[in-house]
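Here's the structure, in structure tokens; my notes come after.
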Protein chains: 2
Amino acid sequence: MARATVQDVAKTAGVSVGTVSRVLNKSPAVSESSKEKVTAAIRQLNYRPLASARDLRRDRTMRILALAKNLNSPVISEAFRGVGDAAASSGYVSLIAPTAGDLEREQQLVDMLRNGSVDGLIMFSPTMPDEDVNEMAEQLSVVQVCEIADSEAAFGVSIDDRQAAFDITRHLIETGGRRLAMIGNRAARSGRLREEGFRQAAAEAGMSPDQMLFVEGEFDFHSGRQLTRKLLTADPLPDAVFCGSDTVAAGCVREITDAGLRVPDDIAVAGFDDSIQAEMCVPELTTIRQPAYDMGRVAFEALFARMTEPGEHRRGRTFLPHELVVRDSTKG
Amino acid sequence: MARATVQDVAKTAGVSVGTVSRVLNKSPAVSESSKEKVTAAIRQLNYRPLASARDLRRDRTMRILALAKNLNSPVISEAFRGVGDAAASSGYVSLIAPTAGDLEREQQLVDMLRNGSVDGLIMFSPTMPDEDVNEMAEQLSVVQVCEIADSEAAFGVSIDDRQAAFDITRHLIETGGRRLAMIGNRAARSGRLREEGFRQAAAEAGMSPDQMLFVEGEFDFHSGRQLTRKLLTADPLPDAVFCGSDTVAAGCVREITDAGLRVPDDIAVAGFDDSIQAEMCVPELTTIRQPAYDMGRVAFEALFARMTEPGEHRRGRTFLPHELVVRDSTKG
DNA sequence: GTTGCATTTGGAATCGATTCCAAAATTGGT
DNA sequence: ACCAATTTTGGAATCGATTCCAAATGCAAC
């Protein structure tokens, strides 16, 4: 049995296609009796309006797409919940696709915006170079979350990464940290900003750059362990480590503990994100809470504005407040 | 500047729309010179074929959608990688949407298949009742992963949950477990199968049902802690706990440790999934490895078959092999 | 230069839902 | 019963890409 069309429904209901369409779109200009006939025919034929035909005619899809490198990041999945809820309450469907850091796949997904498969795009962690992101941001309905490219045209939502890193580093210093280390990631803009905040806090406390250790790598548990192993060869040992994510911090704590040292007594460790990992770790991690869900909501609102007022270029990046969460991995 | 259409390209290139379309679709029946003119015009106008028009005419979208309750489950995100890679190599784009366990939202997303927004659907953890899943599975291109509804018409890929639970429970018994407990989840079919396997292994070892503790709840860390607290009020205490997921097991280990008991000496703990949580836990968890990536690949292959040979109803469920991974949370 | 065959091209019809306009039906007032 | 105002309806045009068919062009051989 082939798919029923609006024509079939019209014939079955004994009305015209116009009337069927009016019923579908809840136009008030339909008599009660036609509405009933049409509704009955729709049910009888199990009819659903074909999306591509509707989208073609209406010139919009009521769908948006979010892109991220991975899905298993707690911040991203939480932010996406925010996007999804905000989108739903505006009648949009929100979809996600992981790029896996593959440029070609990312390009293909971005093309879904260019070719009208979706009305808007939310980018969490772009793989493409900043200049390409900026070019896109100028012409298309795109909003960045967490990572915001450094451009006039960039629309985006994030926390103030530099300030957050500054705050937590200051906490490490105030609780006795004298030989600081950081496990970071210069590949991401947010990673570079966090490094800046870290260095600035250390400098203000009178530490010279060569007193600070810095190592970088991927942001997963194993990488956290491996990079910490490198830190533990330093002499003198660091007494406080700021990690760019909770997962890395968990690896860091594990490696320190396995080496027979105590956290925080011998070495204090701080994370970032306040994900569930921070609570699963022993000792529980001092970290920075990102308001991920709200970031998602706000990002959708910004995207909605771009989609519905295309001329309007009230660009802007929004910074939401972060929060220092002190737990047992630093001296309290 | 409005969007360029195939007409605009034809005019600019000085050819007909037919020729433009042939170039776009790499038809061989185009002269070299036309091809160049068209390619130049496309670049000049920055033209992209409109997806909805193409989809309408072709009656397919080359897109598939995967639905899951949450995105942050390690098994799901890994399985989705498999889906994505397999889909990409067949020219499909794969998208994900979380349902958050909300029936209405799930319904709306499933409608994307019914209304032709996507060509196929992969369901990880349905919220709708089994009978609805079965009805869908009969008429539409749907493949289930992990959770497979119990129906003739069901297409799906998973491990043998019952057998896996049986295997790991036997391991608990072989390593000295005498008073077994399980933290499970009867809401999911896979949860019920795991409970069956658990009970069967215990029964075969001569344990009576009332010797076994069973508690159930959500599958997250906090729930794992809370349910374990309940188990620790039992007298005598269990000496081996099988948890339905690594995350729950991590909560279980934490609660046991906080109570001053040792894992595995006082109580052995086993998880499920072999996610990164299993390695992050101290002690590292004995668990069941699910071949999540491969499950995703196989699921796409099955879906591809359903999409391309709609008549063909060689239904079937595929079970991929699981693996017992022994680590320090059980006695070796 | 003509014939025959293969290659290339133009253009109309098509996919299915929406929307606009004019025509038809209904309503109400007198 | 008639007119005007309003509500409701039918049907054609439209969105943009694809595809089919017929026409046109190119090429080779004689």
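Predicted, not measured: the structure shown is a model, and the values here were computed from it. Below, chains carry the letters A, B, ... as their sequence lines are ordered, and counting in each starts from 1.
Considering CZ of Arg22(A) and OG of Ser34(A), their distance stands at 9.0 Å, rounded to 0.5 Å. One finds the CZ atom of Arg48(A) at 11.5 Å from the CG atom of Leu24(A) (value rounded to the nearest 0.5 Å).
In the region residues 31-42 of chain A, proximity to DNA chain D at under 4.0 angstrom, judged on heavy atoms, holds for Ser31(A), Ser34(A). Within residues 108-118 of chain A, no residue has any heavy atom closer than 4.0 Å to DNA chain D. A heavy atom closer than 4.0 Å to some atom of DNA chain D occurs in Gly18(B), these being the qualifying members of residues 8-18 of chain B.
The salt bridge (Lys or Arg N to Asp or Glu O under 4.0 Å) search around Asp102(B) returns none, not counting sequence neighbours. Among residues two or more places apart in sequence or in another chain, the side chain to side chain donor-acceptor pair (under 3.5 Å) test is passed with Ser16(B) by Thr19(B). Every salt bridge (Lys or Arg N to Asp or Glu O under 4.0 Å) that Asp85(B) has, sequence neighbours left out, goes to Arg105(A). Every residue two or more places apart in sequence or in another chain was checked for a salt bridge (Lys or Arg N to Asp or Glu O under 4.0 Å) with Arg57(B), and none qualifies.
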What donor-acceptor contacts under 3.5 angstrom involve side-chain atoms of residues 89-98 of chain B, with partners at least two apart or in another chain?
unit_1, atom_1, unit_2, atom_2, d
Ser89(B), OG, Ala86(B), O, 3.0

When the side chains of residues 122-137 of chain B are checked against the rest of the protein, which donor-acceptor pairs come out under 3.5 Å, sequence neighbours left out?
unit_1, atom_1, unit_2, atom_2, d
Ser125(B), OG, Lys69(B), N, 2.9
Asp130(B), OD2, Arg189(B), NH2, 2.3
Asn134(B), ND2, Asp130(B), O, 3.4

Would you be so kind as to tabulate the donor-acceptor pairs closer than 3.5 Å made by side chains of residues 36-44 of chain A, with sequence neighbours excluded?
unit_1, atom_1, unit_2, atom_2, d
Thr39(A), OG1, Lys35(A), O, 2.4

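A side-chain donor-acceptor contact under 3.5 Å links Thr61(B) and Asp119(B). With hydrogens and angles left out, the side-chain atoms of Asp161(B) and Ser190(B) include no donor and acceptor closer than 3.5 Å. Counted by atom type alone, Ser117(B) and Asn115(B) present one or more donor-acceptor pairs between their side chains at under 3.5 Å. Side-chain contact annotation: Arg3(B) with Asn46(B), donor-acceptor N/O pair under 3.5 Å absent.
Axis angle between the ends of the helix from dG1(C)-dC30(D) to dT30(C)-dA1(D), five pairs each and rounded to 10 degrees, works out to 40°.
Note that the first and last nucleotides of DNA chain D, 5' to 3', having any atom under 4.0 angstrom from a heavy atom of chain B are dG16(D) to dC20(D).
Contacts of Asp55(B) with the nucleic acid, taken as non-hydrogen atoms under 4.0 Å apart, are absent. Note on Leu50(A): only backbone sugar-phosphate atoms sit closer than 4.0 angstrom, heavy atoms only; bases stay farther off. Counting any heavy atom pair closer than 4.0 Å across all strands shown, Thr5(B) reaches sugar-phosphate atoms only and no base atom.
The residue among Asp59(B) and Thr19(B) whose nearest nucleotide of DNA chain C is located toward the 5' end is Thr19(B). The 5' end of DNA chain D is approached more closely, in terms of each residue's nearest nucleotide, by Ser52(B) than by the other of Arg22(B) and Ser52(B).
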Start with the C-alpha distance between Asp55(B) and Arg60(B), add both sets of side-chain angles, then the distance that settles salt bridge (Lys or Arg N to Asp or Glu O under 4.0 Å), and finish with yes or no.
CA-CA 5 Å; Asp55(B) 295 345; Arg60(B) 69 200 158 115; over 6 Å; no
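Taking the side chain as every heavy atom from C-beta outward, Leu113(B) and Asp111(B) never approach each other to under 4.5 Å.
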